[in-house]
Amino acid sequence: FCLSLFFSFAMTVLALFAFIFFGKQVAFALGIDDLKPWRLWVPLLIGLTGVIQSANAWCIRVKGFSTLAVSAVLLSSFTFLGQLGAALLGHRDSAGLFSGTIIGQILYALIVLSIIFHAQGSLILESLSWIALVEVAKKYRVYPTFMTPYTLLGVMRERGVLFFLSGMA
């Protein structure tokens, strides 16, 4: 669990550097110049998606299916409420969609992580060591090769609509 959170953080940092140095080219290529003020928030969405995926995988691993079911409803609800709140505050454009999504995912991640750490925090913290992280990284070193493209495509499937709709506006 901790290793996947570490890699989520690492991917967030890499995406941040990519968007800092190549953000204009990406926005131009996708035809989403109106998202220019939001492109530095995309790495946060990537990191939050990684945290959400890690939390979901942990719930499956410890057979926390009720937590997983509640969290699925929470993610949709918080994202919807964030987007609705942004619209009610006058952001009826891509900025409202983006800010609502970010707010929803932050709330969701905080709540689900607190549930996980409340229930299994001692187990997680007992297993946390650099030696254990390195051993797990070596054991599952091929896993990111298969999961990174899958996760990136999943993010584009879920969030690509935002880019598409903003390009149509």
Side-chain angles (χ1 to χ4, degrees), residues 1-19 38 40-88 94 96-165:
F1 179 71
C2 293
L3 185 63
S4 65
L5 291 178
F6 171 78
F7 279 117
S8 295
F9 177 74
M11 290 300 294
T12 301
V13 171
L14 286 173
L16 179 62
F17 284 120
F19 274 89
W38 295 96
L40 291 179
W41 290 94
V42 172
L44 177 62
L45 282 173
I46 291 170
L48 287 169
T49 301
V51 169
I52 290 167
Q53 294 289 337
S54 300
N56 290 344
W58 181 260
C59 289
I60 291 169
R61 180 177 182 190
V62 298
K63 297 181 175 130
F65 300 114
S66 60
T67 303
L68 190 60
V70 169
S71 67
V73 173
L74 286 177
L75 178 58
S76 297
S77 300
F78 285 152
T79 301
F80 168 74
L81 290 173
Q83 291 171 344
L84 180 64
L88 292 174
S94 57
L97 289 174
F98 244 79
S99 60
T101 300
I102 290 169
I103 290 167
Q105 287 194 352
I106 287 172
L107 289 173
Y108 167 82
L110 290 174
I111 289 174
V112 170
L113 288 176
S114 67
I115 291 170
I116 288 172
F117 276 98
H118 179 71
Q120 288 104 14
S122 59
L123 174 66
I124 294 169
L125 293 176
E126 286 174 10
S127 66
L128 183 61
S129 74
W130 285 108
I131 294 170
L133 288 176
V134 170
E135 287 176 10
V136 170
K138 285 180 183 177
K139 182 177 180 180
Y140 296 105
R141 68 183 174 273
V142 179
Y143 188 74
T145 305
F146 298 110
M147 290 307 295
T148 300
Y150 171 79
T151 302
L152 290 175
L153 287 173
V155 169
M156 288 307 297
R157 176 183 54 87
E158 293 173 7
R159 305 294 174 236
V161 160
L162 299 177
F163 293 114
F164 178 74
L165 289 175

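For Ile115, the side chain to side chain contact (heavy atoms under 4.5 Å, CB included) criterion is met by Thr67, Ile111, not counting sequence neighbours. In this view, Val62 and Trp58, Gln120 satisfy the side chain to side chain contact (heavy atoms under 4.5 Å, CB included) rule, not counting sequence neighbours. With sequence neighbours left out, the side chain to side chain contact (heavy atoms under 4.5 Å, CB included) criterion links Leu88 to Leu84.
In this structure, OG1 on Thr79 lies 10.0 Å from CD1 on Ile103, to the nearest 0.5 angstrom. The distance from atom CG of Leu44 to atom CZ of Phe98, rounded to the nearest 0.5 Å, is 10.0 Å. A distance of 4.0 Å separates CD in Gln105 from CD1 in Ile52, rounded to the nearest 0.5 Å. Distance check: Leu48 CG to Trp41 CH2 gives 10.0 Å after rounding to the nearest 0.5 Å.
When all heavy atoms of Ala86 and Ser99 are compared, the closest pair comes out as CB-OG, 3.7 Å. When all heavy atoms are compared, the tightest approach of Leu97 to Gln83 is O-NE2, 3.4 Å.
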Thr101 vs Leu45, test: side-chain contact (heavy atoms from CB on, under 4.5 Å). Steps then yes/no. CA-CA 8 Å; Thr101 300; Leu45 282 173; 3.8 Å; yes
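Proximity of Leu74 to Leu107: side-chain heavy atoms (C-beta onward) are nowhere separated by under 4.5 Å.
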Show which side-chain atoms of residues 1-15 pair as donor or acceptor with protein atoms under 3.5 Å away, not counting sequence neighbours.
unit_1: Ser4; atom_1: OG; unit_2: Phe1; atom_2: O; d: 2.7
unit_1: Ser4; atom_1: OG; unit_2: Ser54; atom_2: OG; d: 2.9
unit_1: Ser8; atom_1: OG; unit_2: Ser4; atom_2: O; d: 3.0
unit_1: Ser8; atom_1: OG; unit_2: Gly50; atom_2: O; d: 3.4
unit_1: Thr12; atom_1: OG1; unit_2: Ser8; atom_2: O; d: 2.8
unit_1: Thr12; atom_1: OG1; unit_2: Gly47; atom_2: N; d: 3.3

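Among pairs with a residue in residues 107-118, those fulfilling side chain to side chain donor-acceptor pair (under 3.5 Å) read Asn56-Tyr108, Ser71-Tyr108, at least two apart in sequence or across chains. Each ring pair (Phe, Tyr, Trp, His ring centres under 6.0 Å) pair with one or both residues in residues 59-78, not counting sequence neighbours, would appear here, but there are none.
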